[in-house]
Each structure stands twice: as structure tokens, then as C-alpha cells.
J.: 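I have a structure here, written as C-alpha cells, and I will follow up with some questions on it.
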Amino acid sequence: MSFDLVLFGGTGDLAWRKLMPALFQAFRHGKLPQGGRILAAAREDFSAATYRSWLHERFLDVEGAKQPGDEEFARFAGLVHYLRVDLSQPGDYVQIRQWLDAPRDDGPADTVVLYLATSPHLFPQICEQLGKVALNGPNVRVVLEKPLGHDLESAQEINRAVRSVFSETQAFRIDHYLGKSAVQNLMALRFGNALFEPLWRRESIANIQITLAEQLGVGTRGDFYDRTGALRDMIQNHALQLLTMIAMEPPSRNDADAIRDEKLKVLHALKPFTEDSVLHDVIRGQYRGGTVDGRPVPGYRDETKVPPHSHTETFVALRTEVQNWRWSGVPFYLRTGKRLAAPEAQIVVNFRPAPHRIFPGVNVPNKLVIKLQPEDGLELHLLAAKGSGPSEALSPVCLDLDFDKAFAENRVGGYERLLLEAIAGRLNLFVRSDEQEQAWHWIEPVLRAWERDDDVSGGPRPYVAGTWGPAAASALVARDGFAWPEEQ
Ligand code: NAP
């Protein structure tokens with residue numbers, strides 16, 4: 001199956017740091033379909049040759065083993081082309097069309113993937129112009145990067161613009177967490193095995209905790225971040241997508257709409273926020289100066305391009321529930337933040353303790369840990385007999401359920417997987433517009449309550465960089481008799 005992939009924003013940070021390295025890995029692993037071409041498009045005045053050498057230089061920043069050798073890069077670069085276009089100029093879309101239509105030895109590509117790695121404010125205009133040059137035929141797919149909107153209204157506006165030109169089955173909305181191996185393995189564990197499903201419910205599970213922690217601050221992106229904040233940047237999309245993967249009912253088929261229908265039901269079942277529950281169940285914080293990895297770091301308000309009195313949250317912890325028979329009463333805690341103690345993204349499923357103790361020592365409940373960062377992996381924490389005597393206390397052991405290690409040669413990175421799925425036209429790992437809009441609908445009362453509350457409370461609670469956020473986030477979980485993983 002031949003393909004043409006057009007990378008709008010081909011000179012951007014996302015393109016050279018994530019997308020091109022992922023395409024290179026797919027090429028190196030022999031997974032990129034034969035007969036493919038990659039066209040980078042941006043305003044920079046490059047020829048194809050200068051773009052390739054620019055990219056080669058950028059690849060030197062790619063981590064160790066993922067760096068291409070010169071010969072390998074030269075073979076990959078053979079697929080890469082460049083077109084200078086200004087996406088605000090309707091005439092430039094004609095050029096893209098002509099480039100794609102130019103006769104080639106093996107005939108026109110079976111599939112055309114248009115990857116929009118530019119600022120989303122260009123999306124409506126790009127879609128409209130793509131429609132005008134008829135680049136929306138049935139073999140065309142459009143890949144949309146986050147952020148898809150700033151609130152429900154702007155998300156709906158982008159979706160309307162996309163849908164006026166492309167059908168829903170042509171729209172591939174990226175959430176890169178869905179591309180992670182551990183998330184794939186979670187699906188395999190839940191729906192490919194009979195073992196866990198009977199336990200996957202309120203009778204056996206005490207609570208579920210999703211942590212997406214970053215150690216980095218906002219770096220040079222202070223102006224973007226200050227308009228966004230942690231709730232929009234991480235909770236509305238990534239954390240809620242992970243929650244749906246955990247809480248969804250088994251889909252009837254392994255097909256995109258069967259899966260996305262179930263995820264949507266979870267989003268509809270989330271306990272709605274009220275003005276009162278935002279105060280009790282949502283904690284927002286903002287980092288102050290502190291120490292990370294032994295180095296002093298500035299506070300959020302002292303970062304470049306951040307207003308000195310900013311009320312933007314760099315941390316959120318919240319408690320919610322999925323109001324249905326399976327999950328009734330089980331708290332789901334979501335937490336994300338910048339400048340936290342460790343760069344850890346994980347989901348912890350905390351099971352209930354054994355109902356009756358016959359062994360001495362602490363009755364430590366089992367937990368399933370789905371690790372997303374810094375490394376992907378799945379672990380089941382159990383208690384086992386270490387010593388010999390019957391009076392000996394049990395010791396915690398950890399069962400490695402990382403199936404990917406058994407198939408090491410098939411290990412695939414997140415963006416690599418998502419790009420290959422988009423080329424293959426499989427939507428299972430992409431977000432449908434109704435899911436995305438329902439997620440906005442659910443967080444909107446929080447955004448509105450914070451806007452009202454800013455003048456009363458003075459905004460987010462301060463926390464010291466390099467810690468796990470405001471103490472109130474621990475109290476939120478402790479209130480139910482639980483603790484975050486680092487406090488257990
Ligand atoms: P960036 O570094 O600012 O790159 C933007 C790209 O768009 C550049 O290639 C730029 O090239 C091109 N561009 C801008 N206006 C254009 C126009 N009128 N015509 C043609 N090309 C134009 O931004 P980025 O970090 O790559 O991010 C791109 C999008 O992905 C953003 O929405 C961002 O929020 C999202 N995203 C980024 C990351 C990441 O890790 N960077 C992760 C997730 C999502 P020229 O200036 O040469 O035209």
C-alpha cells in the first residue's frame with residue numbers, strides 16, 4: 001500500500017523532535033509501507049536538499065540508539081521532500097495538490113495522510129482550503145494535533161470546520177498517550193484475557209489513581225502555557241482518555257466505533273461538577289521556586305513570558321466517580337503537574353485488601369500499576385511468602401506483566417504506532433469528536449468556577465518546585481482513607 005504523508009508544519013518542534021524520528025523508526029523497523037513519500041510543508045525557504053540536511057542535523061539531538069547512521073539516514077531521506085507553502089495563501093494549496101498529482105513510476109498513492117502539526121488556529125482555514133482543492137477524497141486522512149480547542153465552544157468550532165470538509169472516519173485526532181504500549185497492553189489484559197474482568201469492578205477495586213507528573217517547568221513556552229494551564233493541557237485530554245480506557249465496558253468488537261462508543265459512555269457517566277464540588281474535589285496549584293534534581297529552579301511567575309501575577313494552574317488533583325453499576329462509589333483520582341518530584345506517568349488500580357487475614361504483618365492490598373513514563377510497563381503487586389516459618393510476615397513481590405518485553409523485536413514508540421495506524425486507516429487509537437466535546441463539557445464547570453473564584457481565593461495554591469504539589473492534594477485522597485503511591 002503506497003502512501004503520501006504531508007506534514008504541515010514540517011519545520012516545527014513537533015515535526016523534528018517527535019514525528020520525523022518516529023517515521024524514521026518505522027522506516028528502520030521495516031514497518032513503513034513500501035512506496036511511501038513524506039512531504040514536509042512550511043514557509044521556510046528550503047529546497048528538498050537543504051531540508052534533508054537541516055533534518056539530519058536535528059536528528060543528532062535524538063536520543064542515542066534512535067539516531068540514524070549516515071547511510072541509514074540517506075536511505076530514509078530518499079522518502080523526504082519539502083515544499084515551501086504559506087498556509088494562509090489559498091494559491092499554495094494548489095501547489096500541494098499538484099505535487100501529489102505529479103505522475104510517478106508506481107502510480108498515485110493509495111492513501112494520502114495530511115498531518116496538521118501547526119497551531120490549531122490555522123485548522124479551520126487549512127480544512128477549508130483543502131476542500132477547495134478537493135484534497136478530501138475517500139483516500140485522504142487528516143491528522144489533528146492537540147490542543148483541539150480552548151473550551152467546548154472553540155472545540156466545536158474546529159470540529160465543524162473539519163466536518164464540513166472531511167467525514168468523521170477521515171479525522172484522526174491524536175492523543176499520544178493512546179499510542180503507548182502500556183495502554184495497548186492494558187486493553188489486551190482486560191479484553192484479551194478472562195482473568196481480570198471479574199475483578200474489574202467496585203466489589204474488588206478500592207480506588208484508581210492516574211498521575212501524569214512532569215519534572216520540567218514551562219521552559220520557553222510560558223505564553224502558551226499561561227493561556228492554557230494544567231486542566232486544559234493534561235486533564236481534558238490525556239487523563240480523561242486514560243480514565244475511559246480503564247473504566248469502559250468491554251467493547252463488542254475490536255473496532256474503532258465499538259471502542260469509542262464505550263469510552264463515550266464513561267465520559268457521560270462522570271459525576272458532573274457543581275460550584276460546591278469544585279471547591280471540595282478539585283485542587284489547583286502553581287509552583288514556586290524550589291530544587292529539582294539538586295538544582296535551584298525558578299517559580300512559575302518568574303518564568304519567561306509568564307505574567308508576574310498569573311493565576312494559571314500548573315497543578316491539578318481531582319476526585320471524581322463513574323456513576324454506573326460497575327464503578328458506583330469507587331473514587332477516581334486524577335493528578336497532573338509541572339515541576340513535581342519525579343517525571344512519572346502512571347495509572348494505579350488499587351484493589352481492596354484481603355477480607356480475612358491469616359498471615360501476620362500488614363495486609364497490603366494488591367495493585368496493578370500501568371506505567372506510562374519514563375518507561376512503559378505493567379506490574380502486578382502481590383504478597384508472597386519469602387521466609388520459611390508459618391509465622392513469617394508476607395513480603396511484597398511484583399509480577400512483571402509487560403508483554404512487550406516478550407516481543408522485544410516488535411517494540412514500537414507512541415508516535416510511531418499512531419503514525420502507522422493513521423497510514424493504515426485504523427481509528428481505534430484516535431479520539432472521536434463526540435468524546436472530545438464531552439470531555440470539554442465535563443471540565444467546563446471547573447474552568448467557570450475558577451474564573452469566579454480567582455478574586456475571592458487569590459487563585460491556585462502555591463507549592464514548592466520538586467515536591468508532589470500542594471498538601472491539599474494529599475488531603476483530597478486521605479479524606480477517603482487512601483494515599484497517593486509515594487505516600488503509601
Ligand atoms: P512550532 O515549533 O511553532 O512549529 C509550527 C510549524 O508550523 C512550523 O513548521 C511553522 O513553519 C509552521 N507554520 C506556521 N504558520 C504557517 C503558515 N502560515 N504556513 C505554513 N506553515 C506554517 O510548533 P510545534 O511545537 O511544532 O507545535 C505545532 C502544534 O502541535 C501546536 O499546536 C502544538 O501545541 C502542538 N503540539 C506540539 C507538541 C510538541 O512537542 N512540540 C506536542 C503536542 C502538540 P514556518 O514558520 O517555517 O512556516
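Side-chain atoms are counted along with the backbone in the values below, which use heavy atoms only and exclude waters and symmetry mates. Numbering of ligands and ligand atoms starts at 1, following listing order. What you are looking at is a predicted structure, and each value in this text was computed from that prediction instead of being measured.
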J.: For ligand 1, is any non-hydrogen atom under 4.0 Å from V85's backbone (N, CA, C, O), its side chain (CB onward), both, or neither?
T.: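 Within the 4.0 Å criterion, V85 contacts ligand 1 through backbone atoms alone.
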
J.: Considering only the protein, which heavy-atom contact is closest to atom 14 (C) of ligand 1, and what is its distance?
T.: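 Looking at atom 14 (C) of ligand 1, the protein heavy atom closest to it is R43 NH2, 3.5 Å.
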
J.: Can you find a side-chain donor-acceptor pair between N159 and R173 that sits under 3.5 Å?
T.: yes

J.: Does any N or O atom in G12 lie less than 3.5 angstrom from one in ligand 1, N or O only?
T.: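 Yes, there is a polar N/O contact under 3.5 Å.
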
J.: Give the atom numbers and elements of ligand 1 that come within less than 4.0 Å of a heavy atom of P147.
T.: 32 (O), 34 (O)

J.: What do we get for H176 next to ligand 1 when only non-hydrogen atoms under 4.0 Å count, side chain, backbone, both or neither?
T.: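 None of H176 does.
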
J.: Among H268, Q241, R260, which one satisfies side-chain hydrogen bond (donor to acceptor under 3.5 Å, both in side chains) with E435?
T.: Q241

J.: Could you walk me through whether D4 and R104 pass salt bridge (Lys or Arg N to Asp or Glu O under 4.0 Å), step by step?
T.: CA-CA 12 Å; D4 281 333; R104 46 191 284 200; 3.1 Å; yes

J.: Near D86, which atoms of ligand 1 are under 4.0 Å from a heavy atom of that residue?
T.: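 So the answer, numbered in order with elements, is 17 (C), 18 (N), 19 (N).
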
J.: Out of Q156, R432, E153, which residue meets the side-chain contact (heavy atoms from CB on, under 4.5 Å) rule with E437?
T.: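 Exactly one option meets the side-chain contact (heavy atoms from CB on, under 4.5 Å) with E437, and it is Q156.
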
J.: Mark up the atoms of ligand 1 that fall under 4.0 Å of a heavy atom belonging to E44, in ascending order.
T.: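 Listed by number with element: 47 (O).
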
J.: Look at the rings of F76 and F24 and say which category their plane angle falls in: under 30° parallel, 30 to 60° tilted, over 60° perpendicular.
T.: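 Correct class here is perpendicular.
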
J.: Mind checking whether L122 has a heavy atom under 4.0 Å from ligand 1?
T.: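 Yes, that is the case, since the closest heavy atom of the residue is under 4.0 Å from the ligand.
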
J.: Heavy atom under 4.0 Å from ligand 1: found in A117's side chain, backbone, both, or neither?
T.: backbone

J.: Does some side-chain heavy atom of V322 sit less than 4.5 Å from a side-chain heavy atom of L270?
T.: yes

J.: Starting from atom 36 (N) of ligand 1, which protein heavy atom do you reach first, and at what distance in Å?
T.: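 The closest heavy atom on the protein side is K146 O, 3.8 Å.
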
J.: In the protein, what heavy atom is nearest to atom 27 (O) of ligand 1, and what distance, to one decimal place, separates them?
T.: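 Checked against all protein heavy atoms, atom 27 (O) of ligand 1 sits closest to L14 CB, 4.2 Å.
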
J.: Any idea which protein heavy atom is nearest atom 31 (C) of ligand 1, and the distance to it?
T.: T118 O, 3.8 Å

